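Written below as structure tokens is the structure these notes are about.
What you are looking at is a predicted structure, and each value in this text was computed from that prediction instead of being measured.
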Amino acid sequence: MKQKIVIKVLNHSEKCQTMALKIAATMHGVNEVAIQGKEKDELVVIGDEVDSVKLVCCLRKKLRTSTILSVEEKKEEKKEEKKDEKKDEKIRSYYDHYPTYLTSEMAYDPCQPTCSIL
């Protein structure tokens with residue numbers, strides 16, 4: 001289930017816009033991030049199972065003000081799904097031969113980006 005979340009963010013400068021984009025891009029499940037609106041004060045986030053409340057909390061920590069304008073479900077086209085399923089099957093069959101390792105999440109902070117090197 002893809003979601004489209006629109007958040008109003010107070011942008012004073014390009015630095016604020018860049019910071020808002022970075023924070024949104026590091027959240028779990030986010031696929032696309034963009035800024036739109038006449039005054040470029042709306043942050044559009046598209047992704048799978050994105051927690052809008054955590055996203056707004058993280059934005060408020062850095063930018064002080066942010067409010068959710070809308071959260072809606074975005075529908076996908078069926079043609080693209082069929083092509084992706086074939087690719088996923090090939091990748092799954094390749095990685096089925098390798099063991100998976102469990103990692104523990106000790107002090108997980110949803111606002112901080114996760115480290116990819118363990």
Side-chain angles (χ1 to χ4, degrees):
M1 176 177 96
K2 283 204 172 203
Q3 293 178 333
K4 179 180 179 183
I5 304 168
V6 181
I7 301 170
K8 183 168 182 157
V9 180
L10 185 61
N11 289 327
H12 297 291
S13 63
E14 277 189 39
K15 185 177 179 181
C16 292
Q17 290 177 357
T18 306
M19 193 179 302
L21 289 171
K22 283 182 181 180
I23 292 169
T26 58
M27 294 298 292
H28 174 71
V30 174
N31 296 333
E32 298 176 32
V33 181
I35 292 181
Q36 70 178 16
K38 292 180 182 178
E39 299 174 7
K40 298 201 175 197
D41 61 346
E42 294 178 1
L43 181 69
V44 179
V45 179
I46 298 173
D48 299 324
E49 299 178 6
V50 179
D51 190 357
S52 58
V53 175
K54 284 184 183 178
L55 177 60
V56 170
C57 287
C58 291
L59 287 169
R60 283 183 182 167
K61 280 184 181 180
K62 294 287 184 177
L63 304 174
R64 304 289 182 233
T65 57
S66 61
T67 54
I68 298 173
L69 295 178
S70 68
V71 177
E72 57 188 44
E73 185 176 337
K74 186 174 181 184
K75 296 181 181 178
E76 297 179 22
E77 294 180 13
K78 294 180 181 178
K79 294 178 183 178
E80 293 177 8
E81 290 179 8
K82 291 179 182 178
K83 292 178 184 177
D84 291 338
E85 286 177 5
K86 291 179 183 178
K87 290 179 185 177
D88 289 341
E89 288 176 10
K90 290 179 184 178
I91 292 171
R92 283 187 204 135
S93 64
Y94 178 76
Y95 287 109
D96 285 342
H97 304 290
Y98 297 102
T100 57
Y101 298 99
L102 300 175
T103 58
S104 63
E105 295 182 23
M106 299 278 298
Y108 177 71
D109 185 12
C111 296
Q112 297 294 326
T114 57
C115 180
S116 62
I117 301 171
L118 292 178

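Shortest non-hydrogen contact noted between Ile7 and Ile5 is CG1-CG2, 3.8 Å. Leu55 and Ala24 get closest at one heavy-atom pair: CD1-CA, 3.7 Å. Between Ala20 and Val9, the shortest heavy-atom contact is CB-CG1, 4.5 Å. Counting all heavy atoms, side chain and backbone alike, Gln3 lies closest to Glu49 at OE1-C, 4.4 Å.
Tested against Val45 for a side-chain contact (heavy atoms from CB on, under 4.5 Å), the candidates Val30, Val6, Leu21 yield a single pass: Val30.
With sequence neighbours excluded, the residues that form a side chain to side chain contact (heavy atoms under 4.5 Å, CB included) with Cys57 are Val53. Here Ser13 pairs with Lys15, Cys16 under the side chain to side chain contact (heavy atoms under 4.5 Å, CB included) rule; sequence neighbours left out.
Both Met27 and Ile35 are assigned to one and the same hydrophobic cluster, defined by single-linkage of ILVMFWY side chains at heavy-atom distances under 4.5 Å. A single hydrophobic cluster is not seen to contain both Met19 and Val44; linkage of ILVMFWY side chains at heavy-atom distances under 4.5 Å, directly or through other members, places them apart.
Sorted by first then second residue, the salt bridge (Lys or Arg N to Asp or Glu O under 4.0 Å) pairs that include residues 33-47, not counting sequence neighbours, are Lys8-Asp41.
Considering only heavy atoms from C-beta on, Leu10 stays 4.5 Å or farther from Leu63 through its side chain.
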Anything under 3.5 Å between a donor and an acceptor, one on a side chain of residues 66-73, the other on a protein residue two or more places apart or in another chain? List them.
{"from": "Ser66", "atom 1": "OG", "to": "Val56", "atom 2": "O", "distance (Å)": "3.4"}

